[in-house]
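Read through the structure below, which is laid out as C-alpha coordinates, and then see the notes.
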Number of protein chains: 2
Amino acid sequence: LTREQLVAEIFRKKSFLCVGLDPDASRIPTMMGTGNKAIVAFHRAIIEATKDFCVAYKPNLAFFEALGPDGWHVFQETISLIPDTHFIIADAKRGDIGNTSRHYADAFFKQLKCDAVTVTPYMGKDSVAPFLEEEGRWTIVLALTSNAGAADFELQQLSSGKRVFEEVIDRAMEWGGPHQLMFVAGATQSDELEKIRNRAPEYFLLIPGVGAQGGDLDAVARATFSNDVGILVNSSRSILYASSGTNFAEAAADEAQKLQHEMQRLLEERFVIT
Amino acid sequence: LTREQLVAEIFRKKSFLCVGLDPDASRIPTMMGTGNKAIVAFHRAIIEATKDFCVAYKPNLAFFEALGPDGWHVFQETISLIPDTHFIIADAKRGDIGNTSRHYADAFFKQLKCDAVTVTPYMGKDSVAPFLEEEGRWTIVLALTSNAGAADFELQQLSSGKRVFEEVIDRAMEWGGPHQLMFVAGATQSDELEKIRNRAPEYFLLIPGVGAQGGDLDAVARATFSNDVGILVNSSRSILYASSGTNFAEAAADEAQKLQHEMQRLLEERFVIT
(Lines give C-alpha, C1' and ligand atoms only; values in the text may rest on other atoms or scores of the structure.)
Protein backbone atom coordinates (compact mmCIF):
# COMPACT_ATOMS: atom_id res chain seq x y z
CA LEU A 1 0.00 0.00 0.00
CA THR A 2 1.10 3.56 -0.67
CA ARG A 3 0.92 6.18 2.04
CA GLU A 4 -2.21 7.61 0.47
CA GLN A 5 -3.85 4.19 0.40
CA LEU A 6 -2.90 3.50 4.01
CA VAL A 7 -4.25 6.84 5.20
CA ALA A 8 -7.47 6.30 3.22
CA GLU A 9 -7.95 2.92 4.93
CA ILE A 10 -7.36 4.51 8.34
CA PHE A 11 -10.12 7.08 7.74
CA ARG A 12 -12.44 4.55 6.12
CA LYS A 13 -12.22 2.17 9.08
CA LYS A 14 -11.67 4.86 11.68
CA SER A 15 -8.84 2.78 13.01
CA PHE A 16 -5.06 2.92 13.09
CA LEU A 17 -4.80 -0.50 14.69
CA CYS A 18 -2.13 -2.99 13.72
CA VAL A 19 -2.66 -6.53 15.00
CA GLY A 20 0.54 -8.36 15.83
CA LEU A 21 0.61 -12.05 14.91
CA ASP A 22 2.95 -13.73 17.40
CA PRO A 23 2.00 -17.41 17.27
CA ASP A 24 3.13 -18.89 20.54
CA ALA A 25 2.43 -22.62 20.19
CA SER A 26 1.97 -22.93 23.96
CA ARG A 27 -0.83 -20.34 23.94
CA ILE A 28 -2.88 -21.39 20.92
CA PRO A 29 -6.34 -22.47 22.17
CA THR A 30 -6.33 -26.25 22.59
CA MET A 31 -9.49 -26.57 20.50
CA MET A 32 -7.39 -25.66 17.43
CA GLY A 33 -5.40 -28.87 17.74
CA THR A 34 -1.64 -28.90 17.54
CA GLY A 35 1.12 -28.41 15.00
CA ASN A 36 1.54 -25.91 12.20
CA LYS A 37 -1.91 -26.51 10.72
CA ALA A 38 -3.41 -25.41 14.03
CA ILE A 39 -1.40 -22.21 13.89
CA VAL A 40 -2.58 -21.39 10.39
CA ALA A 41 -6.18 -22.14 11.41
CA PHE A 42 -5.73 -19.94 14.48
CA HIS A 43 -4.46 -17.10 12.30
CA ARG A 44 -7.35 -17.57 9.86
CA ALA A 45 -9.82 -17.21 12.72
CA ILE A 46 -7.99 -14.24 14.25
CA ILE A 47 -7.73 -12.42 10.91
CA GLU A 48 -11.41 -13.07 10.15
CA ALA A 49 -12.36 -11.79 13.60
CA THR A 50 -10.24 -8.64 13.55
CA LYS A 51 -9.95 -7.50 9.94
CA ASP A 52 -12.80 -5.00 10.14
CA PHE A 53 -11.18 -3.25 13.09
CA CYS A 54 -7.55 -2.96 11.95
CA VAL A 55 -5.64 -1.62 8.97
CA ALA A 56 -2.43 -3.63 9.37
CA TYR A 57 -1.07 -6.98 10.51
CA LYS A 58 2.40 -7.45 11.89
CA PRO A 59 3.57 -11.07 12.03
CA ASN A 60 6.81 -11.37 14.01
CA LEU A 61 9.29 -13.75 12.39
CA ALA A 62 10.75 -14.96 15.69
CA PHE A 63 7.55 -16.82 16.53
CA PHE A 64 7.46 -18.48 13.12
CA GLU A 65 11.15 -19.40 13.11
CA ALA A 66 10.74 -21.01 16.55
CA LEU A 67 8.40 -23.52 14.86
CA GLY A 68 11.39 -24.96 13.00
CA PRO A 69 12.25 -24.90 9.28
CA ASP A 70 8.56 -25.15 8.32
CA GLY A 71 7.95 -21.87 10.14
CA TRP A 72 8.58 -19.84 7.02
CA HIS A 73 5.87 -21.80 5.23
CA VAL A 74 3.52 -21.03 8.11
CA PHE A 75 4.53 -17.38 7.71
CA GLN A 76 3.80 -17.48 3.98
CA GLU A 77 0.43 -19.17 4.54
CA THR A 78 -0.42 -16.67 7.26
CA ILE A 79 0.23 -13.61 5.14
CA SER A 80 -1.72 -15.18 2.27
CA LEU A 81 -4.77 -15.02 4.56
CA ILE A 82 -4.48 -11.25 5.01
CA PRO A 83 -6.78 -9.22 2.71
CA ASP A 84 -5.13 -6.98 0.07
CA THR A 85 -6.62 -3.95 1.76
CA HIS A 86 -4.40 -4.48 4.82
CA PHE A 87 -0.83 -3.35 5.29
CA ILE A 88 1.51 -6.29 6.02
CA ILE A 89 4.53 -5.62 8.21
CA ALA A 90 7.14 -8.38 8.49
CA ASP A 91 8.47 -7.72 11.98
CA ALA A 92 11.90 -9.18 11.36
CA LYS A 93 14.31 -6.54 12.70
CA ARG A 94 16.86 -7.41 10.03
CA GLY A 95 20.05 -5.60 9.03
CA ASP A 96 23.47 -6.64 7.72
CA ILE A 97 26.18 -5.28 5.42
CA GLY A 98 24.77 -3.86 2.19
CA ASN A 99 25.24 -6.90 -0.05
CA THR A 100 23.55 -9.08 2.57
CA SER A 101 20.70 -6.72 3.47
CA ARG A 102 19.91 -6.78 -0.26
CA HIS A 103 19.07 -10.48 0.15
CA TYR A 104 16.86 -9.80 3.18
CA ALA A 105 15.03 -7.17 1.14
CA ASP A 106 14.53 -9.74 -1.63
CA ALA A 107 13.21 -12.27 0.90
CA PHE A 108 10.54 -9.98 2.36
CA PHE A 109 9.63 -7.84 -0.64
CA LYS A 110 10.20 -9.98 -3.74
CA GLN A 111 9.54 -13.47 -2.39
CA LEU A 112 6.88 -12.73 0.22
CA LYS A 113 5.39 -9.46 -1.07
CA CYS A 114 5.18 -7.85 2.36
CA ASP A 115 4.43 -4.13 2.39
CA ALA A 116 7.02 -3.36 5.04
CA VAL A 117 9.84 -4.86 7.06
CA THR A 118 11.28 -3.69 10.37
CA VAL A 119 15.03 -3.00 10.25
CA THR A 120 17.59 -2.54 13.00
CA PRO A 121 19.86 0.46 12.39
CA TYR A 122 22.98 -0.57 14.34
CA MET A 123 25.15 -1.20 11.24
CA GLY A 124 24.29 2.12 9.62
CA LYS A 125 23.34 3.39 6.21
CA ASP A 126 24.41 0.56 3.91
CA SER A 127 22.55 -1.95 6.11
CA VAL A 128 19.29 -0.01 5.68
CA ALA A 129 19.60 1.33 2.13
CA PRO A 130 18.82 -1.92 0.24
CA PHE A 131 15.38 -2.03 1.86
CA LEU A 132 14.72 1.56 0.83
CA GLU A 133 15.63 0.81 -2.78
CA GLU A 134 12.55 -1.35 -3.21
CA GLU A 135 9.97 0.69 -5.09
CA GLY A 136 6.55 0.80 -3.42
CA ARG A 137 7.69 -0.94 -0.21
CA TRP A 138 8.32 0.38 3.28
CA THR A 139 11.24 0.24 5.66
CA ILE A 140 10.45 0.63 9.36
CA VAL A 141 13.60 1.52 11.29
CA LEU A 142 13.87 0.83 15.01
CA ALA A 143 14.30 4.15 16.80
CA LEU A 144 13.12 3.95 20.41
CA THR A 145 11.82 0.55 21.41
CA SER A 146 9.37 -0.28 24.21
CA ASN A 147 11.57 -2.65 26.23
CA ALA A 148 13.71 -2.02 29.30
CA GLY A 149 16.86 -2.55 27.24
CA ALA A 150 16.15 0.70 25.37
CA ALA A 151 18.04 2.39 28.21
CA ASP A 152 21.23 0.49 27.43
CA PHE A 153 22.10 2.09 24.09
CA GLU A 154 19.13 3.80 22.41
CA LEU A 155 18.68 6.33 25.22
CA GLN A 156 22.36 7.04 25.80
CA GLN A 157 23.58 10.51 25.01
CA LEU A 158 26.13 11.15 22.29
CA SER A 159 28.83 13.79 22.66
CA SER A 160 26.80 15.88 20.20
CA GLY A 161 24.06 16.10 22.84
CA LYS A 162 21.64 13.94 20.89
CA ARG A 163 20.66 10.56 22.15
CA VAL A 164 21.46 7.52 20.02
CA PHE A 165 17.85 6.97 18.89
CA GLU A 166 17.58 10.65 17.94
CA GLU A 167 20.70 10.34 15.80
CA VAL A 168 19.15 7.23 14.22
CA ILE A 169 16.04 9.23 13.32
CA ASP A 170 18.01 12.19 11.95
CA ARG A 171 20.30 10.04 9.82
CA ALA A 172 17.57 7.75 8.54
CA MET A 173 15.50 10.74 7.38
CA GLU A 174 18.44 11.57 5.08
CA TRP A 175 18.25 8.07 3.61
CA GLY A 176 14.51 7.76 2.96
CA GLY A 177 11.42 9.92 2.64
CA PRO A 178 8.09 9.72 4.46
CA HIS A 179 6.46 7.76 1.64
CA GLN A 180 8.81 4.79 2.23
CA LEU A 181 10.25 5.06 5.74
CA MET A 182 8.64 4.78 9.18
CA PHE A 183 10.05 4.56 12.67
CA VAL A 184 9.35 2.24 15.58
CA ALA A 185 8.62 4.36 18.64
CA GLY A 186 7.70 2.56 21.85
CA ALA A 187 4.51 3.56 23.64
CA THR A 188 5.89 2.81 27.07
CA GLN A 189 8.15 5.82 26.53
CA SER A 190 5.18 8.20 26.22
CA ASP A 191 7.12 11.23 27.42
CA GLU A 192 9.40 10.67 24.44
CA LEU A 193 6.75 10.20 21.78
CA GLU A 194 5.96 13.89 21.42
CA LYS A 195 9.64 14.69 20.95
CA ILE A 196 9.89 12.01 18.27
CA ARG A 197 6.85 13.46 16.49
CA ASN A 198 8.45 16.92 16.54
CA ARG A 199 11.72 15.52 15.24
CA ALA A 200 10.08 13.62 12.37
CA PRO A 201 6.82 15.48 11.72
CA GLU A 202 6.06 13.86 8.36
CA TYR A 203 6.94 10.25 9.11
CA PHE A 204 4.62 7.47 10.15
CA LEU A 205 5.39 5.92 13.53
CA LEU A 206 4.77 2.27 14.32
CA ILE A 207 3.95 2.21 18.01
CA PRO A 208 4.10 -1.13 19.81
CA GLY A 209 3.53 -1.57 23.50
CA VAL A 210 -0.17 -0.75 23.78
CA GLY A 211 -1.90 -3.63 25.51
CA ALA A 212 0.25 -6.31 27.11
CA GLN A 213 3.20 -3.94 27.36
CA GLY A 214 1.00 -1.30 29.04
CA GLY A 215 1.04 1.88 26.94
CA ASP A 216 -1.88 4.31 27.15
CA LEU A 217 -3.66 4.86 23.84
CA ASP A 218 -5.01 8.35 24.59
CA ALA A 219 -1.65 9.77 25.61
CA VAL A 220 0.00 8.06 22.65
CA ALA A 221 -2.41 9.42 20.05
CA ARG A 222 -2.40 12.97 21.43
CA ALA A 223 1.39 13.01 21.42
CA THR A 224 1.86 11.61 17.95
CA PHE A 225 -1.01 12.42 15.57
CA SER A 226 0.23 14.18 12.45
CA ASN A 227 -1.81 15.89 9.75
CA ASP A 228 -2.61 12.57 8.12
CA VAL A 229 -2.79 10.59 11.38
CA GLY A 230 0.77 9.31 10.96
CA ILE A 231 0.65 6.42 13.40
CA LEU A 232 -0.03 2.72 13.51
CA VAL A 233 -0.56 1.37 17.01
CA ASN A 234 0.15 -2.30 17.48
CA SER A 235 -1.41 -4.74 19.87
CA SER A 236 -0.45 -8.41 19.80
CA ARG A 237 -0.94 -10.62 22.81
CA SER A 238 -3.90 -8.75 24.32
CA ILE A 239 -5.89 -9.52 21.14
CA LEU A 240 -4.50 -12.93 20.13
CA TYR A 241 -4.77 -14.42 23.56
CA ALA A 242 -7.80 -12.50 24.86
CA SER A 243 -9.29 -15.89 25.65
CA SER A 244 -7.83 -19.38 25.59
CA GLY A 245 -11.29 -20.95 25.37
CA THR A 246 -13.56 -21.81 22.46
CA ASN A 247 -14.61 -18.15 22.32
CA PHE A 248 -11.06 -16.98 21.51
CA ALA A 249 -12.02 -15.44 18.14
CA GLU A 250 -14.98 -13.59 19.63
CA ALA A 251 -12.80 -12.36 22.48
CA ALA A 252 -10.14 -11.21 19.97
CA ALA A 253 -12.81 -9.39 17.95
CA ASP A 254 -14.12 -7.71 21.12
CA GLU A 255 -10.65 -6.60 22.11
CA ALA A 256 -9.85 -5.29 18.61
CA GLN A 257 -13.22 -3.53 18.40
CA LYS A 258 -12.68 -1.92 21.79
CA LEU A 259 -9.39 -0.48 20.54
CA GLN A 260 -11.01 0.58 17.27
CA HIS A 261 -13.75 2.43 19.19
CA GLU A 262 -11.17 4.29 21.23
CA MET A 263 -9.27 5.10 18.05
CA GLN A 264 -12.43 6.35 16.36
CA ARG A 265 -13.11 8.67 19.30
CA LEU A 266 -9.55 9.99 19.13
CA LEU A 267 -9.72 10.44 15.34
CA GLU A 268 -13.07 12.26 15.53
CA GLU A 269 -11.69 14.50 18.25
CA ARG A 270 -8.82 15.60 16.03
CA PHE A 271 -9.88 15.24 12.39
CA VAL A 272 -12.94 16.12 10.34
CA ILE A 273 -14.09 12.73 9.11
CA THR A 274 -16.67 12.68 6.34
CA LEU B 1 31.39 -26.93 21.01
CA THR B 2 32.77 -25.58 24.29
CA ARG B 3 35.55 -23.03 24.32
CA GLU B 4 38.04 -25.75 25.22
CA GLN B 5 36.87 -27.91 22.32
CA LEU B 6 37.02 -25.00 19.89
CA VAL B 7 40.54 -24.05 20.97
CA ALA B 8 41.66 -27.69 20.73
CA GLU B 9 40.34 -27.84 17.16
CA ILE B 10 42.19 -24.63 16.29
CA PHE B 11 45.50 -26.07 17.49
CA ARG B 12 44.84 -29.46 15.95
CA LYS B 13 44.16 -28.01 12.51
CA LYS B 14 46.47 -25.03 12.91
CA SER B 15 43.65 -22.89 11.62
CA PHE B 16 41.25 -20.34 12.98
CA LEU B 17 39.38 -20.08 9.69
CA CYS B 18 35.61 -19.76 9.53
CA VAL B 19 34.08 -20.31 6.09
CA GLY B 20 31.04 -18.20 5.40
CA LEU B 21 28.24 -19.89 3.48
CA ASP B 22 26.44 -17.17 1.55
CA PRO B 23 24.60 -18.99 -1.24
CA ASP B 24 24.02 -16.44 -3.95
CA ALA B 25 21.91 -18.27 -6.54
CA SER B 26 23.32 -16.06 -9.30
CA ARG B 27 26.90 -17.12 -8.48
CA ILE B 28 26.52 -20.88 -8.00
CA PRO B 29 28.55 -22.61 -10.75
CA THR B 30 26.21 -23.46 -13.62
CA MET B 31 27.40 -27.09 -13.62
CA MET B 32 25.52 -27.55 -10.31
CA GLY B 33 22.20 -27.02 -12.01
CA THR B 34 19.57 -24.68 -10.59
CA GLY B 35 17.18 -24.48 -7.69
CA ASN B 36 17.57 -25.38 -4.05
CA LYS B 37 18.96 -28.86 -4.74
CA ALA B 38 21.84 -27.23 -6.60
CA ILE B 39 22.55 -25.02 -3.60
CA VAL B 40 22.66 -27.96 -1.21
CA ALA B 41 24.93 -29.84 -3.63
CA PHE B 42 27.15 -26.76 -3.91
CA HIS B 43 27.41 -26.57 -0.13
CA ARG B 44 28.19 -30.29 0.09
CA ALA B 45 31.08 -29.83 -2.34
CA ILE B 46 32.33 -26.66 -0.62
CA ILE B 47 32.20 -28.24 2.85
CA GLU B 48 33.96 -31.38 1.62
CA ALA B 49 36.65 -29.24 -0.04
CA THR B 50 37.27 -26.92 2.90
CA LYS B 51 36.58 -28.87 6.09
CA ASP B 52 40.20 -29.83 6.69
CA PHE B 53 41.30 -26.21 6.59
CA CYS B 54 38.67 -24.55 8.77
CA VAL B 55 37.22 -24.93 12.26
CA ALA B 56 33.89 -23.17 11.73
CA TYR B 57 31.17 -22.50 9.18
CA LYS B 58 29.02 -19.41 9.18
CA PRO B 59 25.91 -19.66 7.00
CA ASN B 60 24.24 -16.27 6.67
CA LEU B 61 20.45 -16.47 6.91
CA ALA B 62 19.83 -13.61 4.50
CA PHE B 63 21.03 -15.69 1.56
CA PHE B 64 18.81 -18.60 2.56
CA GLU B 65 15.74 -16.46 3.20
CA ALA B 66 16.15 -14.86 -0.22
CA LEU B 67 15.47 -18.32 -1.70
CA GLY B 68 11.89 -18.07 -0.48
CA PRO B 69 10.06 -20.06 2.22
CA ASP B 70 12.04 -23.22 1.38
CA GLY B 71 15.23 -21.38 2.26
CA TRP B 72 15.06 -22.49 5.89
CA HIS B 73 14.95 -26.10 4.73
CA VAL B 74 18.04 -25.42 2.60
CA PHE B 75 19.62 -23.93 5.72
CA GLN B 76 18.76 -27.01 7.76
CA GLU B 77 20.10 -29.36 5.07
CA THR B 78 23.25 -27.28 4.78
CA ILE B 79 24.09 -27.38 8.46
CA SER B 80 23.36 -31.13 8.53
CA LEU B 81 26.31 -31.49 6.11
CA ILE B 82 28.75 -29.84 8.53
CA PRO B 83 30.82 -32.31 10.59
CA ASP B 84 30.28 -32.39 14.38
CA THR B 85 33.86 -31.24 14.89
CA HIS B 86 33.08 -27.86 13.35
CA PHE B 87 31.59 -24.84 15.08
CA ILE B 88 28.34 -23.70 13.41
CA ILE B 89 27.51 -20.01 13.52
CA ALA B 90 24.06 -18.94 12.35
CA ASP B 91 24.81 -15.45 11.06
CA ALA B 92 21.34 -14.08 11.64
CA LYS B 93 21.93 -10.76 13.43
CA ARG B 94 18.72 -11.19 15.40
CA GLY B 95 17.42 -9.25 18.39
CA ASP B 96 13.99 -8.23 19.72
CA ILE B 97 12.26 -7.61 23.05
CA GLY B 98 13.04 -10.35 25.58
CA ASN B 99 9.94 -12.51 25.09
CA THR B 100 10.54 -12.47 21.34
CA SER B 101 14.32 -13.00 21.39
CA ARG B 102 13.51 -16.12 23.44
CA HIS B 103 11.80 -17.49 20.34
CA TYR B 104 14.77 -16.66 18.11
CA ALA B 105 17.02 -18.48 20.59
CA ASP B 106 14.70 -21.49 20.40
CA ALA B 107 14.81 -21.38 16.60
CA PHE B 108 18.60 -21.44 16.32
CA PHE B 109 19.58 -23.45 19.37
CA LYS B 110 16.70 -25.85 20.07
CA GLN B 111 15.33 -26.42 16.58
CA LEU B 112 18.50 -26.14 14.51
CA LYS B 113 21.20 -27.01 17.07
CA CYS B 114 23.59 -24.31 15.92
CA ASP B 115 26.55 -23.63 18.22
CA ALA B 116 26.24 -19.87 17.96
CA VAL B 117 24.07 -17.08 16.63
CA THR B 118 25.01 -13.50 15.83
CA VAL B 119 22.91 -10.91 17.69
CA THR B 120 22.45 -7.20 17.15
CA PRO B 121 22.69 -5.20 20.39
CA TYR B 122 20.61 -2.12 19.53
CA MET B 123 17.66 -3.03 21.81
CA GLY B 124 19.87 -3.71 24.84
CA LYS B 125 20.14 -6.31 27.54
CA ASP B 126 16.77 -8.04 27.43
CA SER B 127 17.14 -8.51 23.66
CA VAL B 128 20.44 -10.37 24.13
CA ALA B 129 19.88 -12.20 27.42
CA PRO B 130 17.61 -15.01 26.10
CA PHE B 131 20.41 -16.18 23.80
CA LEU B 132 22.86 -16.24 26.70
CA GLU B 133 20.48 -18.35 28.79
CA GLU B 134 20.98 -21.32 26.51
CA GLU B 135 23.41 -23.70 28.21
CA GLY B 136 26.32 -24.76 26.03
CA ARG B 137 25.54 -22.33 23.20
CA TRP B 138 27.21 -19.10 22.11
CA THR B 139 25.98 -15.57 21.52
CA ILE B 140 28.05 -13.42 19.17
CA VAL B 141 27.20 -9.74 19.65
CA LEU B 142 27.86 -7.20 16.91
CA ALA B 143 30.36 -4.68 18.21
CA LEU B 144 32.28 -3.01 15.38
CA THR B 145 31.27 -4.21 11.93
CA SER B 146 33.33 -4.14 8.74
CA ASN B 147 31.02 -2.03 6.60
CA ALA B 148 31.06 1.68 5.81
CA GLY B 149 27.88 2.16 7.86
CA ALA B 150 29.83 1.39 11.05
CA ALA B 151 30.67 5.11 11.05
CA ASP B 152 27.01 6.09 11.34
CA PHE B 153 26.32 4.85 14.88
CA GLU B 154 28.85 2.26 16.10
CA LEU B 155 31.79 4.68 15.90
CA GLN B 156 29.99 7.69 17.30
CA GLN B 157 31.19 9.00 20.63
CA LEU B 158 28.95 9.00 23.68
CA SER B 159 28.99 11.81 26.22
CA SER B 160 30.88 9.41 28.51
CA GLY B 161 33.78 9.52 26.05
CA LYS B 162 33.30 5.93 24.93
CA ARG B 163 32.17 5.14 21.46
CA VAL B 164 28.90 3.26 20.99
CA PHE B 165 30.57 -0.06 20.08
CA GLU B 166 32.84 0.22 23.13
CA GLU B 167 29.81 0.70 25.35
CA VAL B 168 28.25 -2.35 23.68
CA ILE B 169 31.33 -4.42 24.54
CA ASP B 170 31.48 -3.16 28.14
CA ARG B 171 27.78 -3.79 28.79
CA ALA B 172 27.68 -7.16 27.07
CA MET B 173 30.62 -8.40 29.16
CA GLU B 174 28.41 -7.79 32.22
CA TRP B 175 25.73 -10.01 30.66
CA GLY B 176 27.79 -13.01 29.56
CA GLY B 177 31.18 -14.61 30.18
CA PRO B 178 33.91 -15.59 27.71
CA HIS B 179 32.74 -19.21 27.60
CA GLN B 180 29.42 -18.18 25.99
CA LEU B 181 29.83 -14.71 24.45
CA MET B 182 31.93 -13.48 21.51
CA PHE B 183 32.05 -10.19 19.64
CA VAL B 184 32.01 -9.36 15.95
CA ALA B 185 34.96 -7.07 15.22
CA GLY B 186 35.50 -6.00 11.61
CA ALA B 187 38.93 -6.56 10.07
CA THR B 188 38.69 -3.50 7.85
CA GLN B 189 38.98 -1.46 11.06
CA SER B 190 42.44 -2.90 11.88
CA ASP B 191 43.52 0.14 13.87
CA GLU B 192 40.60 -0.61 16.16
CA LEU B 193 41.13 -4.34 16.62
CA GLU B 194 43.95 -4.00 19.12
CA LYS B 195 41.85 -1.65 21.25
CA ILE B 196 39.00 -4.16 21.17
CA ARG B 197 41.36 -6.95 22.27
CA ASN B 198 42.56 -4.82 25.18
CA ARG B 199 39.02 -4.01 26.17
CA ALA B 200 37.87 -7.64 26.09
CA PRO B 201 41.07 -9.65 26.66
CA GLU B 202 39.35 -12.96 27.39
CA TYR B 203 36.64 -12.98 24.74
CA PHE B 204 36.74 -14.63 21.34
CA LEU B 205 36.37 -12.25 18.41
CA LEU B 206 34.65 -13.22 15.18
CA ILE B 207 36.45 -11.23 12.51
CA PRO B 208 34.79 -10.89 9.12
CA GLY B 209 36.15 -8.84 6.27
CA VAL B 210 39.27 -10.82 5.37
CA GLY B 211 39.14 -11.64 1.69
CA ALA B 212 36.47 -9.96 -0.44
CA GLN B 213 36.15 -7.10 2.06
CA GLY B 214 39.95 -6.59 2.06
CA GLY B 215 41.26 -7.04 5.62
CA ASP B 216 44.90 -8.08 6.13
CA LEU B 217 45.32 -11.37 7.98
CA ASP B 218 48.77 -10.68 9.45
CA ALA B 219 47.81 -7.36 10.95
CA VAL B 220 44.56 -8.81 12.22
CA ALA B 221 46.16 -11.78 13.98
CA ARG B 222 48.96 -9.76 15.56
CA ALA B 223 46.44 -7.26 16.90
CA THR B 224 44.01 -9.77 18.30
CA PHE B 225 45.64 -13.05 19.37
CA SER B 226 44.88 -13.87 23.00
CA ASN B 227 46.42 -16.55 25.19
CA ASP B 228 44.22 -19.22 23.64
CA VAL B 229 44.16 -17.67 20.15
CA GLY B 230 40.81 -16.01 20.78
CA ILE B 231 39.82 -15.29 17.20
CA LEU B 232 37.89 -16.78 14.34
CA VAL B 233 38.57 -15.13 11.00
CA ASN B 234 35.85 -15.45 8.41
CA SER B 235 36.12 -15.56 4.66
CA SER B 236 33.04 -16.11 2.52
CA ARG B 237 32.97 -15.01 -1.09
CA SER B 238 36.70 -15.36 -1.80
CA ILE B 239 36.42 -19.09 -1.01
CA LEU B 240 32.89 -19.91 -2.23
CA TYR B 241 33.28 -18.17 -5.54
CA ALA B 242 37.03 -18.68 -6.09
CA SER B 243 36.08 -20.15 -9.46
CA SER B 244 32.78 -20.28 -11.33
CA GLY B 245 33.99 -23.19 -13.46
CA THR B 246 33.91 -26.94 -13.00
CA ASN B 247 36.98 -26.61 -10.75
CA PHE B 248 35.09 -24.49 -8.19
CA ALA B 249 35.59 -26.99 -5.33
CA GLU B 250 39.30 -27.33 -6.02
CA ALA B 251 39.63 -23.55 -6.22
CA ALA B 252 37.75 -23.21 -2.92
CA ALA B 253 40.04 -25.79 -1.31
CA ASP B 254 43.11 -23.95 -2.61
CA GLU B 255 41.87 -20.65 -1.27
CA ALA B 256 40.97 -22.14 2.13
CA GLN B 257 44.30 -23.96 2.31
CA LYS B 258 46.19 -20.77 1.46
CA LEU B 259 44.48 -19.05 4.39
CA GLN B 260 45.14 -22.06 6.65
CA HIS B 261 48.84 -21.95 5.74
CA GLU B 262 49.06 -18.28 6.63
CA MET B 263 47.20 -18.98 9.87
CA GLN B 264 49.55 -21.85 10.69
CA ARG B 265 52.55 -19.56 10.21
CA LEU B 266 50.98 -16.94 12.46
CA LEU B 267 50.08 -19.52 15.12
CA GLU B 268 53.58 -21.03 15.09
CA GLU B 269 55.08 -17.57 15.38
CA ARG B 270 53.11 -16.90 18.55
CA PHE B 271 52.31 -20.22 20.23
CA VAL B 272 54.24 -23.37 21.09
CA ILE B 273 52.35 -26.01 19.11
CA THR B 274 53.09 -29.60 19.96
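Only a predicted model underlies this, so the values are computations on that prediction, with no experimental measurement involved. Below, all heavy atoms of this structure are taken into account, side chains as well, without hydrogens, waters or symmetry copies. By convention in this document, chain letters (A, B, ...) are assigned in the order of the sequence lines, proteins followed by strands, and residues within each chain are numbered from 1.
Counting heavy-atom pairs closer than 4.5 Å to chain A, the top residue among B:Arg163, B:Lys162, B:Glu154, B:Glu167 is B:Glu154. Note: A:Ala66 leads A:Ala66, A:Ser160, A:Ser127 in heavy-atom pairs under 4.5 Å with chain B. Listed options B:Ala148, B:Gly98, B:Ser159 were ranked by heavy-atom pairs under 4.5 angstrom with chain A; first place goes to B:Ser159. Ranked by non-hydrogen atom pairs under 4.5 Å with chain A, the options B:Leu112, B:Asn60, B:Leu158, B:Asp24 are led by B:Leu158. Ranked by heavy-atom pairs shorter than 4.5 Å toward chain A, the options B:Pro121, B:Ala129, B:Gly71, B:Ala92 are led by B:Pro121.
Looking at A:Leu67, the atoms closer than 4.5 Å to chain B (heavy atoms on both sides) all sit in the backbone: N, CA, C or O. The part of A:Gln76 that comes within reach of chain B is its side chain, from C-beta onward, which places non-hydrogen atoms under 4.5 angstrom from that chain. Contact of B:Phe75 with chain A is not made at all, since no heavy-atom distance falls under 4.5 Å. Residue B:Asp70 touches chain A through both its backbone and its side chain, counting heavy-atom pairs closer than 4.5 Å. Contacts of A:Phe108 with chain B are made by side-chain atoms alone, with heavy-atom separations under 4.5 Å and no backbone atom involved.
Ion pairing between A:Arg102 and A:Glu134 holds under the 4.0 Å rule for side-chain N and carboxylate O. A salt bridge is defined here as a Lys NZ or Arg NE, NH1 or NH2 lying under 4.0 Å from an Asp or Glu carboxylate O, and A:Asp96 with A:Arg94 fails to meet this definition.
In this structure, B:Ala242 and B:Glu255 approach most closely via the heavy-atom pair CB-CB, 4.4 Å.
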